[in-house]
Each structure stands twice: as C-alpha cells, then as structure tokens.
Asks: 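Got a structure for you, written out below as structure tokens; questions coming shortly.
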Amino acid sequence: MNNPTVNKTENRDYLIPEMAPELERGPRWLRDVRRRSREAFNSAPVPHRGLHLWRYTDPMTFLVDRSQVSDTDYGENFGAVEKIVREHVEHGNLAGVVTDLAGREIGFHGTEELCARGAVVTKLSEAATEHPELVEKYLYQLVNSACGKFEALNGALWNDGIFIYIPDGLVVEKPLHLLRESGLSGSAQYPRLLIVVGKNAELSVIDEYGGGSLDESQPSNTNSAVEIFGLADSRVRYVSLQRQAPGMHGYMTHRARIEQGATMLTVPLAFGGAVSKQNFGVILNGRHSESSMFGMLFGSGYQRFDNHTLHHHVSGETTSNIDFKVVLRDKATSAYTGLIRIENDARTCEAYQENRNLLLNSGTRAETIPELEILNEDVRCSHGATLGPIDPLSIFYLLSRGIDEAEAVRMIVSGFVIPTLQQVPKNLRDRIGSFVAQRLEGN
Amino acid sequence: MTDKQSLFEFKDIHVAVEDKEVVSGVSLTIAPGEIHAIMGPNGSGKSSLSNALMGHPDYAITKGEAYLDGRNILDMSADQRSRAGLFLAFQYPLAIPGVSVANFMRAALKSHRGKDANMSDFRKLFKAEMKALSVDESFATRYLNDGFSGGEKKRIEILQLSMLQPKMALLDETDSGLDIDALKTVSEGINRFHSDANGILLVTHYQRLLNYVKPQHVHVMMHGKFVKHGGPELALKLEELGYEWVAQELAEKARV
Ligand SMILES: Nc1ncnc2c1ncn2[C@@H]1O[C@H](COP(=O)(O)OP(=O)(O)OP(=O)(O)O)[C@@H](O)[C@H]1O
Ligand SMILES: [Mg+2]
C-alpha cells in the first residue's frame with residue numbers, strides 16, 4: 001500500500017473546512033461542540049507512530065482527503081441484509097431494526113411498539129432538539145475531542161446518528177438491531193450512537209456494521225462513535241458486529257459508563273475490513289457494577305486488526321472481566337491492547353483479562369499487550385495471554401476418531417470462540433458461526 | 001509368523017521419539033476374536049507403541065510394517081486408520097475445550113459412516129451407550145475431557161469405543177484411575193464390545209482388569225522389546241512377583 005507520509009498533514013485537504021455543512025447541524029449548543037471539535041481536530045497533530053495505541057496502525061489510514069469524498073453510494077448487500085433483519089422483526093425475534101446509511105439516513109422498522117412502551121428510538125438529530133435534556137446531558141460525555149484526533153473528527157462531522165433511551169424500569173426482552181451500511185469507494189462516514197438505559201431497565205443491542213469499499217486501493221472510511229450509559233441497576237448487552245467489505249478502513253471508539261448495581265456485557269465481533277481499529281471501554285462508576293467483555297475477531301488475507309479494551313474502575317467494589325479471542329490465518333495480523341485501570345479510592349475491585357490468539361498458519365502475526373494501572377493494593381486482578389497454533393495433539397485426538405483434518409480444525413476453532421458466541425443473542429449466533437466457517441474455508 | 005487368520009498384525013516395529021528409539025522391533029499377530037495384553041514396567045514403550053500405531057505425530061515408526069485386515073495402515077493418516085477400523089483408548093486423553101462430547105461423537109460417527117446420522121437415531125444410540133457405561137447424561141453437553149476426573153475420562157474413551165465399534169481396539173491403561181465400581185462398569189463395556197469379529201490389545205499394569213477382560217495371550221515388554229510371551233497365567237505371575245524375575249531370566253539367557 002502506498003501510505004501518504006506524515007508531512008501531508010500540512011495539506012489543507014486533511015483539515016475540516018470551515019464551511020463543512022455538518023458544522024451547521026443541530027441546536028446552538030451542538031453547533032458549538034461541533035466547532036470546538038473541528039478546531040481540536042485541525043490543531044491536533046497526527047498521532048506519532050511511536051505513541052501509545054498507534055504502534056500497530058498508521059494513523060494516516062483514517063485521514064480522509066475531503067476532496068475525495070463524493071456523494072455516497074451504497075453497496076448491494078444492504079438490501080439483502082435488511083431483508084433478513086426485517087424477517088426477524090416479522091417473526092418477532094427482535095424489538096426492532098434501525099438502518100443507518102453512511103451515518104446520514106436513519107430509518108426505523110418495527111420500533112413503534114418499543115416507543116409506545118415509553119422508549120425513545122429516534123434519529124440523533126431529532127433527539128437533539130426534541131430531548132435536549134437527555135442529549136445535551138449525555139452526548140460527547142464519553143467520546144469527545146479529549147479522547148483524540150479521530151474522536152474529534154467524528155464529533156465535528158457526524159451527520160446523523162441513532163439515539164436510544166430506555167426509561168427507568170423498562171425491560172426490553174428482545175434485542176434491538178442496528179444496521180449500519182457504509183458507502184462505497186472514496187466515501188467517509190461518521191456514524192454516531194447514543195444509548196441511555198434508565199434505572200433498573202434492560203436492553204440488548206446488536207450494532208452491525210457492513211458494506212463499504214470492496215477494493216483497498218480505493219478504500220472507504222468509517223469513523224464511528226458509540227456512547228452508552230447504564231444507570232443504576234440497569235442491565236445492558238451491547239454486541240458490535242463489524243463485517244465490513246474488504247476495502248474498508250474502520251475506526252471505532254466505544255465508551256460505556258455504568259452506575260451502581262448496573263451490569264454491562266460488551267461483545268465486540270470483527271470479521272471485515274482491510275484495517276480495523278476498535279477501542280471498547282467501560283467505566284465502572286458505581287459500587288457493585290459489573291462489566292464483562294467477550295470479544296472475537298477472525299482475520300484472513302491481509303487484514304489488519306488493532307483492538308483496545310479498557311476497564312476503568314472508578315468506583316470500589318466493582319468487577320470486570322475480559323475474554324478476547326483472536327483467530328488469524330493467511331497473512332492477517334492483530335494487535336490487542338487491554339488496559340485495566342483501578343483508581344486509588346476504588347477499593348475491593350476484581351478485574352480479569354484474558355487474550356488468546358490462535359494462529360492457523362505461520363504467516364500470521366499477533367501481539368498482545370496487557371496494561372495494568374492499579375493505584376491501590378486492595379484489588380484482585382489477573383491477566384493472561386496465549387499465542388500460538390492449534391495444538392497438534394488436539395488435532396490428533398480428533399483425527400484418531402476418524403474426523404478429517406479440515407473438520408478437526410473447524411471444530412477446534414469453533415470451540416475456541418464458543419465462550420464469546422454464547423454471549424450473542426440466539427438469532428445472531430448461527431450467522432456468526434457461519435462467518436467463522438466461511439473464514440475457515442478461505443472466503 | 002503363524003498361518004492363523006490375522007485381523008491386526010505388526011512386524012518389527014521400531015518407534016522413535018525425538019530421535020530416540022523407544023520401541024525396538026516388536027511383532028504381533030492378532031486374530032479376530034482374540035484379546036491380547038501387554039504388560040511391562042513404566043517407560044518400557046507400551047504407550048509409544050500404541051500411539052505410533054494410531055499415527056501420533058510425536059511417535060515416528062522408523063521401521064516395520066502394520067496391517068489391519070490386510071491393509072497397510074502405515075501409509076494412512078490417523079483419521080484414515082480410524083475409519084479403517086483402528087481405535088486407541090488413550091492413557092491420557094486430552095481435553096478439547098469448546099467441543100462438547102455429543103458434538104464430538106456425532107462428528108466421529110459421521111466420519112465413519114460417511115454421512116450424518118439422523119439426529120434422533122444418534123440421540124437414542126448415544127443415550128443408550130451412556131446409560132450402559134453409567135455416564136451421566138449431563139456429560140453430553142460438557143466439553144470433551146475438560147475438567148473430567150481421571151476415571152471419567154477413561155469412561156468416555158470406552159463410550160467412544162462402543163459408539164464407533166472398531167475392528168481393532170488398543171486400550172492403553174484404560175483401568176488406571178478407575179474406582180472399583182467403575183472398573184467393573186468399564187470392563188463390562190469392553191466385554192460388550194468384544195465379539196468374534198474384532199480384536200483387543202490391552203495395555204495394563206494390573207491383574208484386576210484381566211479378571212474381567214480375559215486375554216488369551218500376554219506379552220511382556222521391557223526396554224522397547226517383547227521379552228516374554230505367555231497365557232493368562234503369566235499375568236498372575238507378574239502380579240505376584242513383579243518384573244525382576246523376567247529381567248533375571250533374560251540376563252541368564254544372555255549368559256548362556
Ligand atoms: N513425547 C515424548 N517425548 C519424549 N520422550 C518420550 C515421549 N513419550 C515417551 N517418551 C519416552 O519413551 C519411553 C517409553 O515411554 P512410554 O510412554 O511408551 O512408556 P510406557 O511403557 O507406556 O510407560 P507407562 O507404563 O509408565 O505408561 C520413556 O523413556 C519415555 O520417557
Ligand atoms: Mg504408558
């Protein structure tokens with residue numbers, strides 16, 4: 001790949017122009033934040049490659065030359081996926097579907113019932129004017145220009161997004177499915193999602209990212225921001241499924257904050273894109289809050305994955321657990337950086353982290369970097385990592401029962417990712433299983 | 001070699017582990033319906049021989065021949081050997097996290113039959129076999145050998161034997177780690193499996209298994225070689241006297 005050099009930032013093309021139409025979207029307070037985000041983006045240097053979290057991915061990958069960004073065309077597969085998901089709505093497996101075209105056009109299917117029960121599922125642009133008390137309070141609280149240059153980029157340029165509010169005490173039994181479709185070659189999109197789950201309320205969300213450029217020589221870019229708030233005693237499950245097209249450059253920052261007694265389950269799943277850099281973080285902000293993450297990515301071809309997770313224990317008596325699985329074949333690479341931070345006055349916390357990497361052939365490369373910032377002694381904390389090929393003796397055991405080698409590999413890899421799959425809502429599990437199977441067959 | 005009908009036969013097998021020879025030229029012929037036992041001190045090469053015959057990647061057969069039903073198995077991969085009718089119950093069965101006993105069994109049966117078994121037929125057969133071996137039904141959904149006790153692992157090995165119905169079963173210390181009741185259940189399982197058409201080669205240290213599963217032939221292995229052959233009485237003598245006298249006998253023979 002012909003990477004632009006860093007001094008290209010001098011080129012005004014990489015700056016957000018003053019006249020970008022998105023800067024004018026929204027009420028006054030929002031326009032102010034957008035402008036400040038623009039200034040932050042324009043004045044922030046491109047992160048240095050040696051910097052924390054940028055060692056494995058060139059930041060230039062995610063800079064978009066504005067002159068290249070034309071009107072967005074959508075890929076073909078969107079119709080097909082939308083159809084599948086609509087069927088689910090009709091069969092009653094979902095609480096509704098929200099479609100998001102390139103972070104610009106947001107559509108709602110079958111969400112009326114949920115809204116009738118008091119939930120708000122709407123465009124973020126609408127929510128900003130209709131529910132300012134919520135949106136102004138929560139939007140940009142967790143993902144903003146203080147996080148970094150690319151969060152500032154989304155903060156300034158998101159066109160439209162999705163807003164979900166679940167009132168206190170409402171239990172949404174079925175998952176809500178969000179389908180985000182990226183534009184084709186040369187496009188850039190800045191999807192944004194804000195979720196607020198009220199006290200003692202319950203919600204499951206499947207956040208699926210598809211589409212985009214098929215050809216990395218003409219990539220399209222997605223820079224997404226997700227903010228989730230789980231108020232006291234809420235229970236939230238958030239599944240992120242990245243299955244974008246092979247020419248995609250994807251950057252994502254996810255932050256959730258949970259209050260006293262709340263639980264949060266985060267399931268990052270990644271299969272797609274040429275370069276995928278995702279950052280998932282949960283802030284444990286109230287006693288007895290609990291966060292678990294079960295991640296999985298499967299890379300093939302020349303795919304590059306760069307994932308971060310954060311568990312930030314702000315409050316004492318909180319528990320976190322991470323199980324992040326990586327499977328690589330061909331020439332795919334993955335870097336996983338997992339940070340556990342426990343504040344000085346966050347006493348009696350438990351934090352566990354495990355990252356296991358299965359390298360199916362010798363051309364693959366995986367890095368695993370556990371980071372612990374533990375500022376008090378009164379904690380229980382452990383982390384572990386493994387990295388290597390499938391144990392040949394496991395294969396032999398299956399062979400010795402007549403199972404052929406391809407099937408043995410399939411079974412062992414499926415077994416490897418099962419703890420993650422079990423966290424995925426039932427109606428999605430088979431699809432994820434088939435993604436794994438397809439990757440193993442070399443597609 | 002004798003002219004008796006051969007089900008399983010190996011000749012002059014040499015096995016190397018990490019370039020070290022651990023089995024040095026052993027031969028045996030097993031006729032249909034026969035039960036043979038190999039006994040021998042720790043480290044004498046019994047597991048190396050069984051593993052190598054099954055096609056274990058760490059145990060290389062550097063010399064020799066092996067035939068199952070007249071077919072050369074040394075040309076075959078491990079899965080082909082299994083489908084040809086060879087089975088090894090491992091001394092130390094490995095855990096396979098994430099693969100349930102039921103799924104594993106179903107995949108194994110499918111590979112043997114060339115097609116997937118009807119789900120309800122499979123369930124019926126599987127349940128019946130589990131019951132016969134006093135394996136609790138909850139094991140079906142547990143991950144293969146993951147957290148199983150030593151005895152539970154051995155039971156699951158014999159469950160696999162009875163499901164797959166191989167022609168030739170190598171059972172490597174299937175009795176070790178079993179409590180008294182389990183020894184009985186597992187032995188009954190082996191005897192249920194046994195017929196005029198198949199063969200069994202047991203590796204064991206103790207007579208107690210041989211009280212249930214009765215071999216016609218007993219072979220003593222030392223330092224990678226068969227050093228003595230006999231009938232069931234040989235096992236009793238070994239139980240009583242240990243291996244010392246065999247070693248002495250060998251030494252005397254060498255002097256003569
Ligand atoms: N994977 C291995 N790597 C290195 N050495 C091995 C390996 N497997 C076996 N050996 C060596 O080969 C020799 C024979 O071992 P083997 O396991 O075959 O003995 P055994 O007769 O089955 O003993 P036991 O009765 O204790 O099960 C021993 O010296 C052992 O240390
Ligand atoms: Mg042994």
Asks: Could you have a look at A95(B), S111(B), P166(B) and say which one has the most heavy-atom pairs with chain A under 4.5 angstrom?
Replies: S111(B)

Asks: For F122(B), does the CZ atom sit with more than 12 other heavy atoms under 6.0 Å from it, leaving out its own atoms?
Replies: yes

Asks: Compare all side-chain heavy atoms of D58(B) with those of F396(A) and state whether any distance is below 4.5 angstrom.
Replies: no

Asks: Distance check, rounded to the nearest 0.5 Å: D79(B) atom CG versus E407(A) atom CD?
Replies: 11.0 Å

Asks: Tell me whether R142(B) at atom CZ has more than 12 heavy atoms from other residues, nucleotides or ligands lying less than 6.0 Å away.
Replies: yes

Asks: Within a reach of under 6.0 Å around CG of D19(B), are more than 12 heavy atoms found that belong to other residues, nucleotides or ligands?
Replies: no

Asks: Please state whether the side chain, the backbone, both or neither of L109(B) comes within less than 4.5 Å of a heavy atom of chain A.
Replies: neither

Asks: Should the heavy atoms of other residues, nucleotides or ligands under 6.0 Å from CG of D196(B) be counted, would the total exceed 12?
Replies: no

Asks: Please classify the contact of D146(B) with chain A as side chain, backbone, both or neither, using a heavy-atom distance under 4.5 Å.
Replies: neither

Asks: Using 0.5 Å steps for rounding, measure from the CE atom of M54(B) to the CZ atom of R401(A).
Replies: 7.0 Å

Asks: Can you say whether L398(A) sits under 4.5 Å from chain B via the side chain, the backbone, both, or neither, judging by heavy atoms?
Replies: both

Asks: Answer yes or no: does atom CZ of R192(B) have more than 12 heavy-atom neighbours from other residues, nucleotides or ligands under 6.0 Å?
Replies: yes

Asks: Which heavy atom in I418(A) sits nearest to a heavy atom in Y143(B), and how many Å separate them?
Replies: CG2-OH, 2.9 Å

Asks: Evaluate the criterion side-chain contact (heavy atoms from CB on, under 4.5 Å) for residue pair H56(B) and L393(A); output intermediate values, then yes/no.
Replies: CA-CA 8 Å; H56(B) 192 298; L393(A) 299 188; 3.3 Å; yes

Asks: Under 4.5 Å, counting heavy-atom pairs only, tell me which of S394(A), P392(A), S400(A) racks up the most with chain B.
Replies: S400(A)

Asks: Rounded to the nearest 0.5 Å, how far apart are CD1 of I403(A) and CZ of R106(B)?
Replies: 12.5 Å

Asks: L164(B) versus chain A, heavy atoms under 4.5 Å apart: side chain, backbone, both or neither?
Replies: side chain

Asks: Looking only at non-hydrogen atoms, find the nearest pair between S82(B) and G402(A) and report the distance.
Replies: OG-N, 2.9 Å

Asks: Are there over 12 heavy-atom neighbours, none belonging to R429(A), within less than 6.0 Å of that residue's CZ?
Replies: yes

Asks: Give the ring-plane orientation class for F104(B) versus Y397(A), where under 30° counts as parallel, over 60° as perpendicular and anything between as tilted.
Replies: tilted

Asks: Do other residues, nucleotides or ligands put more than 12 heavy atoms under 6.0 Å from D12(B) CG?
Replies: yes

